[in-house]
Amino acid sequence: MLQMGVQTTIEALKKAPVATVHYAKNIVLTDGTTPHYLINKLQKMCMPQSLDTNQTDFRNGGHAFKWHCNAYEVVFYDKMHDLAQAKKSSKRSIEKDNNIQLQLFEQLDKKRTKQKFELFRMEVRLNKRAKIKQLFTKLNIKVPLTFQKLFKPAISRKILLYYFDELQSRHAPLFELSTSMTDKSLLTQMIVHNPHLSANRIIQLFGLKRLHETMTIQELQQMFAHHNKRSLQRLLIDARRLVMPAQADSLDVIRKQVVKGKAVRM
DNA sequence: CCAATGCAAAATCGTCGGCT
DNA sequence: AGCCGACGATTTTGCATTGG
């Protein structure tokens, strides 16, 4: 900082007001799931249309999921891949300032040859002071917006969990079911667990489930852009409410580690 | 230039009423 | 009865204005 011509005291820094804050958590995957797999899952959620989930950034194709608007961003990415990119050029990575982390990367990379594991990272970037304020009010976090006070594991966890739950609550159990399930057994499950639904509705939801296996909700919405949006909207609501036998949620790995985790980065 | 404020635009979702 | 469009309440985003 001195090199940049900025002089200040530690105390002043601690109390400095903050306009942008990033909360993040590294998630270690040892059970064979890959970041790529999780990102695919994330892409398949039905996010609000107002948010730009254009994560198919070709530079990172399949290595990052970004949920973006002007005031904030929620990003998931393959940390090892990002560090590998950073090694080539800092312009290629999601995180711009991880030069310091390259040493760590070398170590981890060596370790990886012995024991296979993946590093997945979740980041919430609150880019506007107004957004920080609004979110903190909502989550009942009563803290002045200064460097020192924002830098708290408990807050980090709360924020990350909030956005993760936001994401997960939009996920329909229907969409978690295996693609290899036969038409017949899928249909049977849908009928048995949802006796209140009409035959028509069930067949509609069945079609939606199959379509969803090869396309994202966003693509689907785009295709019906010229129809009245309400019907598709209702179908998606029903999909979320559809009762299906409990299924292991592939994203729970993330949730578990966020709950117990405590890493913070500014 | 940055932050706060207010407002418009857009989106979500419950509900109502007409149509078949 | 169920499907579908319309309406409206509410929330969220984006932008311009104001005031430092």
Side-chain angles (χ1 to χ4, degrees), chain A residues 1 4-8 12-23 42-55 65-75 123-150 158-175 187 190-191 193-209 211-212 216-243 266:
Chain A
M1 275 214 151
M4 291 158 63
V6 179
Q7 281 194 35
T8 182
L13 246 189
K14 279 182 185 171
K15 288 174 187 158
V18 171
T20 297
V21 57
H22 293 189
Y23 293 106
L42 287 165
Q43 281 176 342
K44 292 196 152 202
M45 311 236 157
C46 21
M47 299 310 296
Q49 275 185 310
S50 52
L51 296 169
D52 166 29
T53 49
N54 181 23
Q55 65 284 19
F65 170 82
K66 210 182 256 190
W67 172 22
H68 167 270
C69 69
N70 285 349
Y72 67 95
E73 262 182 332
V74 182
V75 192
E123 271 186 43
V124 174
R125 303 171 179 171
L126 306 174
N127 295 325
K128 293 274 156 63
R129 206 177 157 76
K131 186 64 194 178
I132 302 177
K133 266 184 137 172
Q134 182 230 350
L135 191 61
F136 277 35
T137 309
K138 190 175 196 170
L139 299 183
N140 205 20
I141 303 172
K142 289 166 195 148
V143 135
L145 305 186
T146 62
F147 187 86
Q148 187 183 30
K149 297 291 181 187
L150 288 180
K158 205 165 183 178
I159 304 276
L160 290 172
L161 258 185
Y162 169 76
Y163 277 111
F164 187 78
D165 287 343
E166 199 71 1
L167 217 52
Q168 214 174 20
S169 70
R170 296 186 158 268
H171 196 38
L174 175 64
F175 298 149
L187 197 56
M190 293 176 78
I191 294 168
H193 290 91
N194 303 274
H196 58 288
L197 284 185
S198 70
N200 278 345
R201 199 50 159 177
I202 289 180
I203 290 175
Q204 286 174 9
L205 288 163
F206 178 89
L208 177 67
K209 153 72 179 156
L211 284 172
H212 181 73
T216 66
I217 300 293
Q218 287 92 339
E219 285 173 312
L220 213 52
Q221 281 168 335
Q222 277 162 27
M223 291 192 69
F224 290 105
H226 300 299
H227 294 69
N228 191 303
K229 285 177 193 165
R230 200 65 181 94
S231 297
L232 187 57
Q233 206 177 50
R234 275 196 264 249
L235 190 63
L236 289 170
I237 291 172
D238 280 2
R240 256 187 262 167
R241 291 183 184 157
L242 193 76
V243 182
M266 299 274 305

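The sequence lines fix the lettering, A, B, ..., with proteins before strands; numbering per chain opens at 1. Heavy atoms only: backbone and side chains are in, while hydrogens, waters and symmetry mates are out.
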| Residue pair Tyr162(A), Lys158(A): steps toward the side-chain contact (heavy atoms from CB on, under 4.5 Å) verdict | CA-CA 6 Å; Tyr162(A) 169 76; Lys158(A) 205 165 183 178; 6.0 Å; no
| query | Nearest 0.5 Å, what's the CD-NE2 distance between Glu73(A) and His22(A)? | reply | 7.5 Å
| field | Parallel, tilted or perpendicular: ring planes of Phe224(A) versus His227(A), cut at 30 and 60 degrees | value | perpendicular
| task | Please state how far atom CD1 in Ile132(A) lies from atom C1' in dT12(C), giving the value in whole angstrom units. | result | 18 Å
| request: Give the rounded distance in Å between these two atoms: CD1 of Ile237(A) and C1' of dA11(B). | output: 12 Å
| remark: Rounded to whole Å, CH2 of Trp67(A) lies from C1' of dA11(B) at a distance of 14 Å
| said: Using a 4.0 Å heavy-atom cut-off to protein, can you give one letter per nucleotide of nucleotides 1-6 of chain C, 5' to 3': B if the base is in contact, S if only the sugar-phosphate is, - if neither? | reply: --SBBB
| CD1-CG distance between Ile217(A) and Leu232(A), expressed to the nearest 0.5 angstrom | 7.5 Å
| message | Once rounded to the nearest 0.5 Å, what's the spacing between atom CG of Asn194(A) and atom CG of Leu242(A)? | response | 4.0 Å
| said: Taking side chain to side chain contact (heavy atoms under 4.5 Å, CB included) as the criterion, tell me which of Val124(A), Leu42(A), Val74(A) meets it with Trp67(A). | reply: Val74(A)
| field | For atom NZ of Lys229(A) and atom C1' of dA10(B), their distance in whole Å | value | 8 Å
| Can you tell me how far the CZ atom of Arg125(A) sits from the NZ atom of Lys131(A), to the nearest 0.5 Å? | 16.0 Å
| message | With rounding to the nearest 0.5 angstrom, report the NZ to CG distance, Lys128(A) to Leu135(A). | response | 15.0 Å
| Side-chain N or O of Lys131(A) closer than 4.0 Å to phosphate OP1/OP2 of dT13(C) | yes
| query | Please give, in whole Å, the distance from dA11(B) P to Leu236(A) CG? | reply | 15 Å
| request: For Arg129(A) and dA4(B), give me the distance from atom CZ to atom P, rounded to whole Å. | output: 5 Å
| request: Can you sort out which residues in residues 133-142 of chain A have a heavy atom within less than 4.0 Å of DNA chain B? Ascending by number, please. | output: Lys133(A)
| remark: Atom CG of Asn70(A) and atom C1' of dC2(B) are separated, to the nearest Å, by 16 Å
| field | Nearest-0.5 Å distance, OG1 of residue Thr216(A) to CE of residue Met45(A) | value | 12.5 Å
| query | Reckon Tyr72(A) has a side-chain N or O less than 4.0 Å from the OP1 or OP2 of dT12(C)? | reply | no
